Amino acid sequence: MTISNLPSADLKIAIIGAGPAGLGALITLSTLPFASATIYEKKPSVSEIGAGISIQPNTWRMLERMGAAETLRSSPFHRAEDGHYTQHRNGRTGKLVSAQFDSAGTPAAHQHARCHRGVLQSALLKRVDPARVKTAHRLTHITHLPSGRIHLAFDNGATDEVDLLIGADGIRSVVRSVAFPEHRIAYTGRTSYRTLVRAGDVAKIEGMEKEKEVVAFWHAPGGRWAYTCNLGDGVFEITTMVREGGEGVERVSWGKDVAAEKMIEHFADFHEPVKGVLRLAEKVQQYALFAGTRLPKVHIGAIALMGDASHPLSGAFGNGAGFALEDAYVVSQSLLWAHERNKSIQEALQLFDKVRSPHYERLYAVLDGYAATAKQLENPNLHLSFDEEVAVLVTSNWSGVNNWMHYYDVAKAFSEMIEDLDRKDAEKSAGNRDVIERRAKSLLDGNLENLVVEKARL
Ligand SMILES: Cc1cc2nc3c(=O)[nH]c(=O)nc-3n(C[C@H](O)[C@H](O)[C@H](O)COP(=O)(O)OP(=O)(O)OC[C@H]3O[C@@H](n4cnc5c(N)ncnc54)[C@H](O)[C@@H]3O)c2cc1C
């Protein structure tokens, strides 16, 4: 279907999921006069579990485009006074191994900030028409109709028929399982525990007087770490990463309440003030991390995948919300591009893929680098001490060499891509014009023989 043939608001779009990807998609698609989009969310309300979330420079840029940055700026968030966005410390001794600052030239308004996940979600929610968000709708069936449209069925008996389906339904995406049935995700062997405690209680812990304001990873061998960060408004976040076997354990990927001891027991060898912070936890949420290989592309037919549904990276990099908002921006801009040039939905989604897939390829390559470091460190002949292994891990994986993803300018990447496509289209039509002109000349010259040859070539 050619998008520009549609009467106003006739491109019907269903977005599955109201996380950062789905909300970002609804905000950006609502600016397209030829489209009408609706979110279907399985939860009874748009709510957010979990702890903190990093707002990276690329995320700020997207939030500004979506008109959500000001709301977030006027909500509670934390930014370190000296401008560091993370410190990497030795978990056993507490010593600073390395500190990361936003790269020179980052506008103050775009510097890294950390807030509660609900704060980000509220800022996005404020920009959407609530009538366009249908909660308590769990997508259960997707059927491709001979017309090219897609029929959707939900667990509450509701149905819909749309021209474009956007899967923004997270790491365990139902839409992805229909679009790419052979693709699998699996437990990574790594589990994250997360909780919030009172910042005032952290301030009372001996040895945390200064550290209560730092954004810190406290590292240990084997990729085990604890992350501590103030979130503003008297709230303090604890996120930890440990290795745990998956045998016989029911693993949910997003937030299961467990006793705080399940987290604390992993950090017996840690610096006493950090252990003091962990002991403040009353109950914690367990996130068994799942991941899958990179998809060959982020769309198929009239289905597009966005956010964690399109790149099951398991929360790596602390930038998943930023990636999700970038996806939302590119999907809507690609549809606009197609609309302005009389192209089809499929051509719009091909453009979306051309911009996003290479980016995800680079992100997966970073993960390959992490895996290579872990493999090297598993060598039994290495005999590294706790402190030596932490030094290697921080230098290899956390030195800032991969921070380019936080500064990636998706709008620039998109406009470069369409300039390139438009130039190729112009060259193609100039070539066609050339052929037509030669045909016309042949006719005028009465050279019918030439005309037959040109026609055969066409
Ligand atoms: C431990 C951890 C730490 C992280 N830290 C950060 C961080 O600091 N910064 C950052 O930017 N990112 C972070 N991330 C990643 C970030 O949370 C995700 O990348 C982000 O939430 C992805 O957004 P999404 O909208 O794609 O998916 P989600 O947020 O998972 O939203 C998907 C939505 O779809 C709904 N849904 C699912 N199935 C259906 C269905 N069948 N029908 C209807 N609705 C459905 C779900 O209920 C949910 O609301 C972290 C992740 C983890 C695991």
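Note that these values count all heavy atoms, side chains included, but never hydrogens, waters or copies made by symmetry. All ligand and atom numbering here is 1-based and tracks the order in the structure. Given the structure is predicted, the values throughout are model-derived calculations rather than measurements.
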Least distance between heavy atoms, Ala18 atom then Gln121 atom: O-NE2, 3.2 Å
Per-atom contacts, ligand 1 versus His137 - under 4.0 Å to a heavy atom: 42 (N), 43 (C)
Between Thr59 and Gln56, do the side chains contain an N or O donor and an N or O acceptor separated by less than 3.5 Å? no
Filtering His112, Glu237, Glu41 for the heavy atom nearest atom 47 (O) of ligand 1 leaves Glu41
Out of curiosity, is Gln56 lining ligand 1, as in a heavy atom under 4.0 Å away? no
Output yes when the distance from some N or O of ligand 1 to some N or O of Gly320 is under 3.5 Å, and no in every other case. yes
Does ligand 1 come near enough to Pro20 that some N or O of the ligand is less than 3.5 Å from an N or O of the residue? yes
Quickly, which of Trp398, Phe267, Phe270, Tyr227 forms a ring pair (Phe, Tyr, Trp, His ring centres under 6.0 Å) with His219? Name it, please. Trp398
Have His406 and Asn319 got a donor and an acceptor in their side chains that come within less than 3.5 Å? yes
Closest heavy-atom approach to atom 41 (N) of ligand 1 among Val46, Leu305, Leu325, Leu139 is made by Leu139
Looking only at distance, does Thr239 have an N or O less than 3.5 Å from an N or O of ligand 1? no
With a 4.0 Å cut-off on heavy atoms, is Met241 touching ligand 1? no
I want to confirm something. Looking only at heavy atoms, which of Gly22, Ala168, Ser192 is nearest to atom 1 (C) of ligand 1? Ser192
Out of Ala321, Gly170, Ala309, Gly322, who gets a non-hydrogen atom closest to atom 30 (O) of ligand 1? Gly170
Do any nitrogen or oxygen atoms of Val174 lie less than 3.5 angstrom from nitrogen or oxygen atoms of ligand 1? no
Identify whether the distance between the nearest side-chain nitrogen and carboxylate oxygen of Glu41 and Lys134 falls below 4.0 Å. no
I want to know if ligand 1 touches Gly318 in the polar sense, i.e. an N/O pair below 3.5 angstrom. yes
Arg172 touching ligand 1 at heavy-atom level, < 4.0 angstrom: no
Glu237 bridged to Arg114 by N-O distance under 4.0 Å: yes
If you measure every N/O of Asp308 against every N/O of ligand 1, is any gap under 3.5 Å? yes
Cationic N near anionic O, under 4.0 Å, Glu272 to Arg279: yes
Between Arg138 and ligand 1, does any nitrogen or oxygen pair lie at a separation below 3.5 Å? no
What do you reckon, are the aromatic ring centroids of Phe154 and Tyr40 less than 6.0 Å apart? yes
Is Arg117 in polar range of ligand 1, meaning some N or O pair under 3.5 Å apart? yes
Just checking, Arg73 and Trp60: is the charged tip under 6.0 Å from the six-membered ring centre and within 45° of the axis? yes
Tyr287 to ligand 1, any heavy atom closer than 4.0 Å: no
Are Lys297 and Asp353 ion-paired here, with the side-chain N under 4.0 Å from a carboxylate O? no
Can Arg61 and Glu64 be counted as an ion pair, charged N to O under 4.0 angstrom? no
